[in-house]
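Below is one structure, written out as structure tokens; comments come after it.
Here is how names work: the chains are called A, B, and so on, in the same order as the sequence lines, proteins then strands, and each is numbered from 1.
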Amino acid sequence: MTGRPIDVLNAAKGKNVMIKLKNRTHVSGILKAFDMHINVWVEDAQVTDSEGNATKLGNTLLRGDSIIYISPVQ
Amino acid sequence: MTGRPIDVLNAAKGKNVMIKLKNRTHVSGILKAFDMHINVWVEDAQVTDSEGNATKLGNTLLRGDSIIYISPVQ
Amino acid sequence: MTGRPIDVLNAAKGKNVMIKLKNRTHVSGILKAFDMHINVWVEDAQVTDSEGNATKLGNTLLRGDSIIYISPVQ
Amino acid sequence: MTGRPIDVLNAAKGKNVMIKLKNRTHVSGILKAFDMHINVWVEDAQVTDSEGNATKLGNTLLRGDSIIYISPVQ
Amino acid sequence: MTGRPIDVLNAAKGKNVMIKLKNRTHVSGILKAFDMHINVWVEDAQVTDSEGNATKLGNTLLRGDSIIYISPVQ
Amino acid sequence: MTGRPIDVLNAAKGKNVMIKLKNRTHVSGILKAFDMHINVWVEDAQVTDSEGNATKLGNTLLRGDSIIYISPVQ
Amino acid sequence: MTGRPIDVLNAAKGKNVMIKLKNRTHVSGILKAFDMHINVWVEDAQVTDSEGNATKLGNTLLRGDSIIYISPVQ
């Protein structure tokens, strides 16, 4: 039951995640890697704005400082 | 009576918490883990926006930098 | 007359404090603990928004980064 | 003529200061203590909002991160 | 499959990248160099504002602190 | 021709400077001291808001975190 | 082809640069010096607001924290 918060990301590697950003958009894609600053590398990423418009990004590096939360897609 | 502020989170592990975020939303769920940056791992999370609309997130990692306060649900 | 600024919090432990937050709300409650980042643990907390509406929170951990000032209630 | 910027606060201890905050308010009171983060302890503090309404706070700890400038009252 | 998040930038050196900034603009150009703060040097850069107007910048140093994400252009 | 950026402040000690702040105001006065965080002590300071209204501050400590730029007055 | 991002600034010393700031203005002038925080000293600086109005600043120290990007003028 315990562990570090970022352990939840270890279990999500290679799987789809949804990443909520501070600029009112979110990015979806396959989690490839992350570091202790919660900088995140996502593959096959797409960004969706606050009105629901999606744009493909492909490989993307997201800076941890811009991230509110990360959630595996079920 | 004394202790460190984050001790209140130790007592809340495995229980429901409400986490107020800087982007005018809050996340509810079961507190699984946290670290000294107050990064938080929540299970069965759902996010509620400022108009009361709730969305299920499941397992979620929240960055401490986006958190205003954390409160166990009574 | 001198000392460190956070000494004022030592004298306030176990007493009512009012904590002004950056999101235009304030939290009132009994100060239980704090650390050097001014993360604060408050008991019997309630949050009041900018229009005066109060909500009970109970035990609450507030991140120092969201705090503008802390003042004992007289 | 030289010295460190915070030396100006040493000369102001025990005297009235005006502290401009990032949230468009200012706090006035007697400077009791400060640290290198410019966290400040003010006695007999009162806060004045951008429309000139003043509220008594008494003893107050202000986080340096919320402060724009500090000026002794002449 | 694993690695560090910034490895995705190593693979993008000398190629076109799109860099989303916090001020609602994005910069496109050839990635020349980056560091661990994700400060980025881009050649033949152009900035596009939120209404789609593009301006040539040439060689440009972007501070990591202003970057939301970086994505190779496919 | 080279040197550190803050050398420009060494040459400005005892002279009038204009300090642009993030809150859309600027402070003018005589530069007395500064440190590596660009915290600044200004004498005979006055603050001018975005509509041109000036207020005398006298001795003032400005936190570096609130400063955009500092320019000697010619 | 490689190097550190700030190497692009070494090549720009003594030349005209355009510095985009977070407050929706930009500063132009001759780059004299910079440090690893990307604090920048600019000579013969002028600031231009978002409506195109320019004001002469002369020697200016810009805090890195306020800078979005720096670009040599071609």
Side-chain angles (χ1 to χ4, degrees), chain E residues 4-73, chain G residues 1-54 57 60-74:
Chain E
R4 297 173 308 156
I6 61 173
D7 290 342
V8 70
L9 293 187
N10 269 320
K13 268 194 187 172
K15 299 181 183 160
N16 267 292
V17 293
M18 189 279 280
I19 301 170
K20 180 74 175 177
L21 301 180
K22 289 182 184 169
N23 71 339
R24 301 173 63 82
T25 68
H26 65 266
V27 168
S28 304
I30 297 167
L31 179 65
K32 297 298 283 184
F34 61 92
D35 63 24
M36 68 169 193
H37 305 292
I38 316 187
N39 296 316
V40 175
W41 167 16
V42 176
E43 206 178 53
D44 288 333
Q46 73 170 28
V47 61
T48 305
D49 69 18
S50 58
E51 281 147 26
N53 305 306
T55 307
K56 279 189 195 302
L57 296 174
N59 257 337
T60 302
L61 171 70
L62 295 109
R63 284 190 81 245
D65 169 52
S66 288
I67 294 174
I68 301 176
Y69 54 77
I70 303 177
S71 193
V73 176
Chain G
M1 178 179 132
T2 58
R4 297 172 308 156
I6 60 172
D7 289 343
V8 71
L9 293 188
N10 270 320
K13 269 195 186 171
K15 298 182 184 160
N16 266 291
V17 293
M18 189 278 281
I19 301 170
K20 180 75 175 176
L21 300 180
K22 290 182 183 168
N23 71 340
R24 301 174 63 82
T25 68
H26 64 267
V27 168
S28 304
I30 297 167
L31 179 66
K32 297 297 283 184
F34 61 91
D35 63 23
M36 68 169 194
H37 305 292
I38 316 188
N39 297 316
V40 174
W41 168 16
V42 177
E43 206 179 52
D44 288 333
Q46 72 170 29
V47 61
T48 305
D49 69 18
S50 58
E51 281 147 26
N53 305 306
L57 296 174
T60 303
L61 170 69
L62 295 110
R63 284 189 80 247
D65 170 51
S66 288
I67 294 174
I68 301 176
Y69 55 77
I70 304 178
S71 194
V73 176
Q74 283 139 336

Heavy-atom pairs under 4.5 Å with chain E - which of I6(G), V73(G), I67(G) has more of them than the others?
I67(G)
Of the backbone (N, CA, C, O) and the side chain (C-beta and beyond), which part of L21(E) lies under 4.5 Å from a heavy atom of chain G, both, or neither?
side chain
Nearest heavy-atom neighbours spanning D65(G) and K22(G):
O-NZ, 2.8 Å
Part of V47(E) lying under 4.5 Å from any heavy atom of chain G:
side chain
Sort L9(G) into side chain, backbone, both or neither according to what part of it lies under 4.5 angstrom from a heavy atom of chain E.
side chain
Heavy-atom pair with the smallest gap, counting every atom of W41(E) and R4(G):
CE3-O, 4.0 Å
Which pair of heavy atoms, one from A54(G) and one from T48(G), lies closest together, and at what distance?
CB-OG1, 3.9 Å
If the test is side chain to side chain donor-acceptor pair (under 3.5 Å), which one of T55(E), N59(E), T60(E) qualifies with S71(G)?
T60(E)
Measure distances from N23(E) to the heavy atoms of chain G and classify the residue's part below 4.5 Å as side chain, backbone, both or neither.
side chain
Can you check whether G64(G)'s main-chain N or O pairs, donor with acceptor, with N39(G)'s side chain at less than 3.5 Å?
yes
Most contacts with chain G, counted as non-hydrogen pairs under 4.5 angstrom, among L62(E), L57(E), D35(E)
L57(E)
